[in-house]
Structure formats: structure tokens, C-alpha cells
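These figures come from a predicted structure and were not determined experimentally.
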Amino acid sequence: MSDQTIGLSDVVIGKPASRRTGNTLLKCAYGATFIIVVAMVTIPIAALIYGSFRTAAPGMPAEWTLRNYEGLASPGVIATIGTTLWIGLLSSALCIVIGTAIALLVHRTDFKYGKVVTMLVGLAFYFPSFILAMAWIIIGAPGGIFNAVVDDMLGLSWLRIDIYTTMGIVLVMVLHQVPFVYLTMRGPIMGMDGIYEEAARTAGATPSRVITRITLPLLSYSLISSFILTFIITIEQFAIPALIGIPGQVNMLATQLYLLVRFSPTDYGLAAAIGVALSAMTGAAIWAQRRVSSAGRLTTVTGKASRLKPIPLGRWKWLAYILCFGFGFLALILPMTILIYTSVLKWFTANPFDGLYTIRNYAYIIESASTIRSFWNTLLVSGVGAAAGVLLGLMCAYFTLRLQPRGYRILDFFVSLPFGVPGIVLGLGLLWAYAYLPLPLYGTLALMIIAFVTRFLPYATETIGGQMVQIDKSLEEAAWVNGATPLEGVSKILLPLVRPSVQGAYFLLFMAFFREISSAILLYTASTAVVSISIWSFFEQANWGLASALSVVATLIIFVAMGLISRLVPAARQG
């Protein structure tokens with residue numbers, strides 16, 4: 001903290017005139033922030049609701065109708081809602097069991113390789129969902145590697161699998177979401193006071209009874225909250241159910257919306273109604289999660305230090321190794337290996353001894369004007385968009401957590417609202433909005449940036465706000481007493497102290513923008529395609545080699561960005 005110590009002598013003492021100027025500037029900044037956030041959030045949502053009552057596509061002559069909402073009661077949509085809920089509930093339940101088990105093994109037992117597992121899970125967390133789905137399609141499709149090995153090579157036809165099924169979607173969903181559960185449960189497990197478990201042990205309870213009777217009940221609110229959040233992420237997921245479900249005719253609401261907009265016969269009105277229904281489902285789940293969080297008042301962290309003796313795994317250690325490293329293998333190592341293998345094949349073959357190897361796929365990435373343009377578009381959208389998102393998130397965090405002017409609760413509500421709006425729904429809302437607004441934004445990177453910033457604004461606000469609430473407001477108040485203006489207090493005291501979290505938020509947004517596809521899939525044009533869209537297009541064209549090569553390059557960039565974040569997070573915690 002010594003390097004962040006700021007003396008009051010460093011603050012320029014403001015005169016009354018400058019104080020009034022500073023207050024005026026802050027008021028103007030608050031007004032501008034309020035208007036921008038409310039407009040960014042309400043315009044696509046309002047446009048989506050408007051479109052759900054219209055009979056034609058955006059910008060076309062239409063009439064008012066309730067037919068689109070009547071369509072929600074059709075057998076096809078009802079079946080899609082049921083499939084969405086079933087996949088969401090089953091995937092979330094499996095994620096909670098596996099993710100919590102890994103967290104308990106790593107942080108509550110004498111598991112030897114906890115740091116390795118944490119690294120593998122962390123890398124898997126940042127592995128893009130559509131790239132993971134693509135890798136598992138190469139593995140588990142009817143003509144994929146696994147079936148070629150077990151059937152053609154080994155003659156074990158009864159071991160054949162088909163990834164294009166409901167359980168295929170669940171498998172990839174679980175592999176993608178378990179790291180999220182692990183990271184959300186890791187904090188409560190590590191921070192829980194061991195006195196309760198030690199008391200149970202002293203009373204003669206076995207390790208398994210301690211976990212089932214003490215540990216898990218104490219974690220019940222965290223478990224329920226994590227389950228609901230995982231359910232939200234699952235039902236709003238687009239890439240995994242689209243890549244796996246569409247070929248197998250297994251539709252979730254997000255993919256149903258996509259099909260209604262992208263393929264003939266199009267029905268934009270019904271797609272908008274489905275978007276409203278999906279947002280209502282995720283919004284209700286978020287409300288339930290917050291109720292659970294606010295009700296969770298079990299005291300698991302006390303002022304007394306109690307270091308808990310790790311639970312000995314004994315004869316169960318090999319099962320623990322299989323679970324932890326098996327997950328890392330299936331979620332990260334195997335998919336990456338398959339992508340690298342596919343990316344260097346001239347023609348796809350499951351037998352590596354029959355393959356003709358080449359680097360032409362990587363050469364194409366360098367030589368292709370469209371692919372290079374997609375990289376530049378991605379860097380521009382990610383770099384500029386992340387900067388805009390961080391600036392807006394910083395302003396929102398300051399006004400809602402520190403200054404708290406009149407109406408700050410309304411601002412806080414609109415900042416958190418994108419949590420309940422799936423990316424593809426947001427994209428459809430923007431598609432409707434800018435068909436009517438007199439702004440030349442459609443088909444531009446500016447619209448892509450607006451979509452990404454709107455979707456991920458809560459990430460920036462939460463990241464920066466998490467450190468801002470730890471800074472005593474008396475530091476700024478002392479500066480005010482000594483004559484500094486509020487603006488000088490922010491620039492000379494608050495900003496230097498929250499700089500680590502601002503840097504972390506920038507890289508988080510940069511990485512999120514770099515791999516985002518659901519918000520972009522309905523907004524891109526040939527000139528505004530980003531890397532995720534290029535990978536998607538190559539895979540749709542059955543060009544697995546190019547899709548894999550581009551995926552490998554994009555994943556390496558994401559992992560490098562994650563490495564930068566991991567270096568910034570410890571500094572942020574020290575603040």
C-alpha cells in the first residue's frame with residue numbers, strides 16, 4: 001500500500017471558483033452518464049418489445065398484432081421452452097456437483113496438485129464456448145474422430161456417439177460452465193471458518209459426514225446462488241446449442257430466435273416475442289438469485305483465525321485425480337489438441353498416420369484480406385470498445401457507490417439490467433432499433449461496439465466498484481476539508497487508488513469483446529465481421545482446417561490476455 005499512499009499536500013488546493021466549476025463538471029458528467037446508460041439499455045429493449053407487436057421485419061410497413069405472442073403458445077415454441085428449461089436445469093445441476101466437488105478437493109483436502117488444477121480450470125474458463133463446441137463436434141460428430149477410432153479402427157460400433165443430441169449439448173455446456181461454478185464457490189469455501197468442521201471432528205464425525213452435515217449446509221446459499229447464475233448463463237447461451245443443436249434439430253430459445261431471423265421463412269415478430277420471453281426468464285432468475293444472496297445470512301467467516309486441517313483423501317485420492325484432471329483433459333487439453341491437429345491437416349482424417357500435414361491454413365490466415373480485416377475489426381472493437389466500457393463503468397461506479405446524487409438508484413438499476421438480457425436478444429433489439437432511428441449506424445463497427453459495451457457494462461462496473469467500496473471515503477473528504485474540489489479529490493486520490501481495477505476491467509472487457517459472438521451474430525456485415533464470426537463462417541462452410549487454425553490463434557491471444565489479467569488482479573486486491 002506504500003506505493004499508493006497519497007498525501008494531502010499532493011492535492012491542489014482549490015479556490016471557491018474552481019470548486020464551483022468542479023461541481024458543475026461533475027453534475028454534467030453525471031447527467032451525460034445517466035443519459036448514455038439509459039439510452040444504451042432502453043433503446044434495444046424498447047425496440048424489441050415494439051417489434052414483438054409488429055407483423056413485418058424491421059423498417060418494413062407493418063401492422064400492430066398480438067399474433068407473435070400467440071405464437072409463443074404454439075406446440076413448437078412450447079417444446080423449445082421445455083427443451084431450454086430441461087437443458088438449463090440438468091446442465092446447472094451437473095455443473096454444481098462437479099464444480100463444487102473440484103473446489104472442495106482442491107481447497108479442503110490434502111490434494112497435492114491444487115495449483116495445477118486451478119490453472120487448468122482458469123484456462124478452461126476463458127476458452128470460448130463456440131470454439132469448445134466446434135472442437136467437440138470434430139471429436140463426436142458421426143464422421144468425427146472418436147467414431148472413426150472406435151468403429152473403423154477398433155470395430156466397436158456399440159461405442160459410437162452422436163454429439164448432435166440433447167445430451168451432446170449438455171456435455172459441452174457442463175464442460176464450459178464448470179469453471180464458472182468452481183470460481184464462484186472457491187471464495188466461499190476458502191473463506192469459511194474451519195471452527196465448525198473442527199468441532200464436528202472433535203465430536204467424532206467422519207470426514208464424509210462433516211462435509212455433508214456441516215460444510216455443504218453452510219455453503220447452501222452460495223450453492224443456490226451459483227446454481228441460479230449457471231442456469232441463467234446456460235439458457236441464454238447461443239453458440240453451443242446453435243452449433244450442436246441445429247444439425248441435430250434440438251432447439252433452445254436462443255437458437256430458435258436465430259433461425260427465425262436468419263433463415264427463410266423469416267418471422268422477426270415471433271423472434272422478438274421469443275426474445276422478450278427469454279429475457280423475462282433470465283430476469284426472473286436474476287431476481288431469484290439476488291433474493292437468495294440477500295437472504296443468505298449464515299456466518300461462515302469470523303474474526304477468529306482457525307486453520308482447518310486438510311481432509312485426508314486416503315484411498316479416494318485416485319478418484320479425486322481422475323475427476324480433476326479428467327475434467328481438465330476433456331474441457332481444455334483434448335479440445336485444444338484436436339484443434340491443433342485439425343489445423344495442420346490438408347484434408348481431414350481421423351487417423352494421424354494417414355494425414356497429409358500442411359501449414360497452408362495458417363498461411364491463408366495471413367494472406368486472406370477478409371481474415372486480416374476481421375482481425376483488425378476485432379482489435380478495433382475490443383480496444384476502443386473496452387476503453388469506452390471502462391470509462392463508462394468507472395463513471396457509473398463512482399456515481400452509484402461514492403457520490404450518490406439524486407437518481408443514482410435508477411442509474412444502478414439500468415447498469416445492472418443487461419445482466420438479464422441475453423446477447424442474441426440484445427443484438428435483435430439493436431437490429432430493430434437502428435432500422436428506425438435516424439442514425440447511420442447499421443452495418444458499422446460503431447454499432448458492434450455499442451452492442452458489446454451495453455452487454456458487458458456490468459462487468460466493468462462490478463470490477464471497478466469492487467475495489468472502490470474498499471477505499472475509505474474519508475480520504476476524499478479530508479481533501480475537501482483542505483480546500484480541494486470534488487473533481488480534484490477524484491483525480492488526485494480516488495483514481496490512483498482504483499487504477500489496478502481499472503486496468504483489470506479493461507483487459508476483462510477486451511477479452512470478452514474479443515471472443516463475443518452472440519451479440520454480433522445478427523449485426524455483422526461482410527465488412528464488419530470479427531474473428532469470432534470468421535471462425536463461425538468457416539465452420540458453417542465445413543472448412544474445419546481454417547476454422548481450427550483461426551481458433552488456435554484466437555485462443556492463444558485470449559490466453560495471453562488472461563495472463564495479463566492474472567498479473568493485475570493481485571495488485572487490485574492490495575488496493
Side-chain angles (χ1 to χ4, degrees), residues 76 79-95 98 124 127-148 159-180 230-231 233-263 274 278 327 330-332 334-339 342 348 350 422-424 515-518 520-522 532-533 535-544 547-548 550-551 554-555:
T80 301
I81 293 174
T83 301
T84 302
L85 293 175
W86 166 243
I87 291 176
L89 292 171
L90 179 59
S91 301
S92 301
L94 292 173
C95 287
I98 299 172
F127 200 43
S129 60
F130 63 95
I131 295 180
L132 178 65
M134 191 175 67
W136 271 96
I137 288 172
I138 297 174
I139 296 169
I145 290 177
F146 181 84
N147 290 322
L159 280 177
R160 290 181 62 88
I161 63 172
D162 185 1
I163 198 71
Y164 297 128
T165 61
T166 299
M167 295 311 298
I169 297 176
V170 171
L171 169 66
V172 182
M173 285 281 196
V174 169
L175 294 176
H176 184 249
Q177 298 300 340
V178 161
F180 173 79
T230 307
F231 175 77
I233 296 172
T234 301
I235 65 172
E236 74 172 20
Q237 173 65 242
F238 165 72
I240 294 173
L243 286 171
I244 298 176
I246 291 177
Q249 299 182 347
V250 180
N251 289 331
M252 295 177 65
L253 286 175
T255 52
Q256 186 71 42
L257 185 155
Y258 172 75
L259 292 173
L260 287 169
V261 172
R262 278 294 182 187
F263 297 96
I274 289 175
L278 182 56
F327 171 79
L330 296 176
L332 181 66
L334 178 61
M336 277 302 299
T337 303
I338 293 300
L339 289 174
T342 308
F348 178 77
I424 193 168
R515 64 179 186 171
E516 173 64 7
I517 190 171
S518 60
I521 195 68
L522 298 180
S532 59
I533 297 297
I535 296 172
W536 179 279
S537 299
F538 285 141
F539 198 76
E540 277 192 327
Q541 298 163 14
N543 196 330
W544 287 6
S548 298
L550 194 53
S551 297
T555 303

CD1 on Ile233 to OG on Ser92, rounded to 0.5 Å: 8.5 Å

Could you check if a side-chain atom of Ser91 sits within less than 4.5 angstrom of a side-chain atom of Gln177, using non-hydrogen atoms only? no

Search all heavy atoms of Ile338 against all heavy atoms of Ile138 and return the closest pair with its distance. CG2-CG2, 3.6 Å

Please round to the nearest 0.5 Å and tell me the distance separating atom CD of Glu540 and atom CD1 of Ile246. 8.0 Å

What's the spacing between Phe130 CZ and Ile535 CD1 if we round to 0.5 Å? 4.5 Å

Has Arg262 got a side-chain atom pairing as donor or acceptor with Ile521's backbone, closer than 3.5 angstrom? yes

Verdict with supporting geometry, Leu278 and Leu257, side chain to side chain contact (heavy atoms under 4.5 Å, CB included): CA-CA 10 Å; Leu278 182 56; Leu257 185 155; 5.7 Å; no

Are the side chains of Leu243 and Trp536 in touch, meaning some heavy atoms are under 4.5 Å apart? yes

Nearest heavy-atom neighbours spanning Ile244 and Ile163: CG2-O, 2.9 Å

How close do Ile87 and Thr234 get, counting heavy atoms only, and between which atoms? O-CG2, 4.1 Å

Answer yes or no: is there a donor N or O on one side and an acceptor on the other, between the side chain of Ser548 and the main chain of Trp544, under 3.5 Å? yes

Do the non-hydrogen side-chain atoms of Pro142 and Tyr164 ever get within less than 4.5 Å of each other? yes

Between Ile81 and Leu85, is the side chain to side chain contact (heavy atoms under 4.5 Å, CB included) condition met? List the steps. CA-CA 6 Å; Ile81 293 174; Leu85 293 175; 4.1 Å; yes

CZ-CD1 distance between Phe238 and Ile424, expressed to the nearest 0.5 angstrom: 4.5 Å

Main chain of Glu516, side chain of Ser532: is a donor-acceptor contact present, judged purely on distance under 3.5 Å? yes

Can you tell me how far apart CG (Leu132) and NE2 (His176) are? Round to the nearest 0.5 Å. 7.0 Å

State, yes or no, whether a side-chain contact exists between Leu339 and Met134 at a heavy-atom distance under 4.5 Å. yes

Gap between atom CE of Met336 and atom OG of Ser551 - 0.5 Å precision: 9.0 Å

Please give me the minimum heavy-atom distance between Leu175 and Leu330, naming the atom from each residue. CD1-O, 3.8 Å

Can you name the nearest heavy-atom pair linking Thr230 to Cys95, along with the distance? CG2-CB, 4.0 Å

Decide yes or no for Tyr258 and Asn251: does some side-chain heavy atom of the first lie under 4.5 Å from some side-chain heavy atom of the second? no

Heavy-atom distance under 4.5 Å between the side chains of Trp86 and Val170, does that happen here? no

Are any non-hydrogen side-chain atoms of Ile235 and Leu253 less than 4.5 angstrom apart? no

Does the Thr255 side chain pair with the main chain of Met252, one donor and one acceptor, at a distance under 3.5 Å? yes

Would you say the side-chain atoms of Asn147 pair up with the backbone N or O of Ala141, donor to acceptor, closer than 3.5 Å? yes

Do you know which two heavy atoms are closest between Thr166 and Val250, and how far apart they sit? OG1-CG1, 3.5 Å

Side-chain heavy-atom pair Met173, Leu90 within 4.5 angstrom cut-off: no

